[in-house]
Amino acid sequence: MDTENYDLTKLFNDVSGWTFAQVGAIILLCLLVYHVLRYVVPRVAEKLPARFRLLVLNLIPLARVTLFAVAVVLIIPLVFNVTLKNFILVLGTVGVALGFAIKDWATSAVAGIVAIFERPYRSGDWIRVGDDYGEVIDIHTRSVKLRTADDDVVTIPHSRIWSENIASANDGSKTLMCVAEFMVAPDRQTDGIIDILTDVAHTSPYLDWARPVQVIMKNEIYATRVRLKAYPFELRDQFNFTTDLTMRGRDALINADIRIVATPDFGPEG
Amino acid sequence: MTFSQFPTDLASVGSYDWPRAPATSSLKEGYRRLREKLRVLDDRNADLLPDDLERLSGSMIPDALWSSLRAYQFERLDKVYLEWARREEGPHTVCAFVMMPSVPRHFLADWAADRGLDLVDAAAVPTGGAALIVPDISSLVRRSLEGRAAMRSYLAELDGASRNVLLGMSSWTWTYLAQTSAIETVVSDARCFAPFGDKALAELLRAHIGDRVLKSADSGKGILAEDDEGAPKDRYLKTLAARAYGCPWAAMRLLDAAVNQEVDANGDATELPEDADHDDTGDDHEDAATWLQDPAVPKLPSRIERIGRFVLHALLIHGPLTAKELGMVLPMTLPVGIGSALERVGLIKIEDGKILVRESAYPHVRRILSEAGLPLDQI
């Protein structure tokens, strides 16, 4: 019994009010630095040349992990008597706590750390998780925040990377493929469709010239599905670009006497 | 006048050696611009500058410099194209001469007229013997479905031409056409002026304004002083060459805009005495130096920043456009007064109802578009 009391006493250092003050100061300082970074970095990134924006935005999650590690390294010796025996004891206790009490949070937090290094998504990326598609605007310890095209902010726990596919439209690059779809009558010649739609893409001011423009056709039951694929030079212009391609593409096809099929509803794309 | 440091040949498009600024200059400039954008840098005065300075209202660059540069570049064109242009027998080829928008307007037309060559502005190839010079096809390029159809017809006509044809165009028009049309299969050879580096710029300045002591406000040193290998000791000219993208006209205009002249008690700019004895070290005539401090670079007003970039981009590809033509090559509605707003910033000018990018503002325009990630000219 005495031995047990002795070990427990030795697990902790002598914790005084000053120790609590130090721990509090470290936590506050790390939080302050983190929040300052979260405020400053996106604003600076907006002012930088476009090619550096995504790179700089990704400093935030890295900074969070680094600050967390720094805080842990500074706090543990203040509170705990760090020996191998104590370390194993604390690890076991923390393991039990994580296993039962905050399992879900811990799973997401670990997935968040994995996400920082494996990078299925990065700040500024456009990703799809389940039905949600949007720009990654913030990566927290437990979750990632997306801003959708409708300006909704969706919070998704990192733990979904264990069980779901994450589709990244740009994967860290500064552009992504946009697709404009047209359904044309299947009983007409398709001559000229490719040239017309390629010209439509080549005359868009949003186009990234260096990337290829493609027109893909596929027969559906009631129509021929025509997909015009091209890349804008700026990620954020993707909806303007798709709109421009769709509007002018449709008008150009109609002007060329190519009939756009309006009904019936063809269902999801194949 | 002979220039040993000037580029002797035209450069082939695709192998243009873009001058690079020293890494420290680039970093320093990037940091300074970031501070400007974040509005934490208000005072641009360097500590090294004397107090009694004023920016010159006129130009420091003498007409003789422009004339000499023009004559030198005319000779480069002669060397490559003149004999070919006067040849009537086949085989007939189509060549392209690509110029940065900072090259003086009508430069190729002036050269062709001076050499008595056939000029045409329209998208047609009239029959004739010697070469046909099309000084600027930018005006024939339209980013519209009709414009692309017309360009395809024109390229087909060029492909079957029975005489040599030299197409002049801006580097932006060339890049757009090269990426989105068959121009590279029709054109057998595309060239541009070779870049002027720091040594060439130093030689040009020494020949025409060597009587002035030009000092960099950044380093406090004379910019024309040479090291043992004949290269300028100070990094100002190397940085200038990079900022001007190797175009000597752009470099001279940037330098001219950076001039601060010391003033005497009467408010007049201090002149060097006629018999002033000086060397290139820039260490003498401490009181009569001309200081070079780059003025604040123009910025697009935030309200029209995005649309303004599209307008500038379109103007570089298509050349001068009326407001109506501009509306036809951009799918968005242009705000009323955008032309005037861009003119006030100093990036464009309006001549005869047409909007065009100022030659002197081209380096700033290219930087603005580059930072925004728009597709750039590639030569």
Taking atom [atom1] of [X] as the centre, does the number of heavy atoms from other residues, nucleotides or ligands within less than 6.0 Å exceed 12?
X: Tyr133(A); atom1: OH; value: yes
X: Asp131(A); atom1: CG; value: no
X: Arg303(B); atom1: CZ; value: no
X: Asp152(A); atom1: CG; value: yes
X: Arg119(A); atom1: CZ; value: no

Considering only heavy atoms, which portion of [X] lies under 4.5 Å from any heavy atom of chain B: side chain, backbone, both, or neither?
X: Asn240(A); answer: side chain
X: Ser204(A); answer: backbone
X: Val200(A); answer: both

Looking at Arg306(B), Arg148(B), Arg142(B), which has the largest count of heavy-atom pairs under 4.5 Å with chain A? Arg148(B)

Largest heavy-atom contact set with chain A, pairs under 4.5 Å, which of Leu374(B), Val329(B), Leu330(B), Ile317(B): Leu374(B)

Test Tyr206(A) against Met332(B) for side chain to side chain contact (heavy atoms under 4.5 Å, CB included), laying out the working first. CA-CA 11 Å; Tyr206(A) 302 107; Met332(B) 60 284 280; 3.3 Å; yes

Asp195(A) side, atom CG; Leu145(B) side, atom CG - distance, nearest 0.5 Å: 11.5 Å

Side chain, backbone, both or neither of [X] within contact of chain A (heavy atoms, under 4.5 Å):
X: Ser370(B); answer: both
X: Leu376(B); answer: backbone
X: Arg309(B); answer: neither
X: Thr180(B); answer: both

Nearest atoms (heavy-atom pairs only) where Thr203(A) meets Ser144(B): CG2-N, 3.4 Å

Heavy-atom pair of closest approach, residues Phe310(B) and Pro205(A): CE2-O, 3.6 Å

Exam field: side chain Tyr176(B) to backbone His202(A), donor-acceptor pair closer than 3.5 Å: yes

One pair to check against salt bridge (charged side-chain N to carboxylate O under 4.0 Å, His left out): Asp199(A) and Arg143(B). What are the steps and the verdict? CA-CA 9 Å; Asp199(A) 274 358; Arg143(B) 268 190 308 179; over 6 Å; no

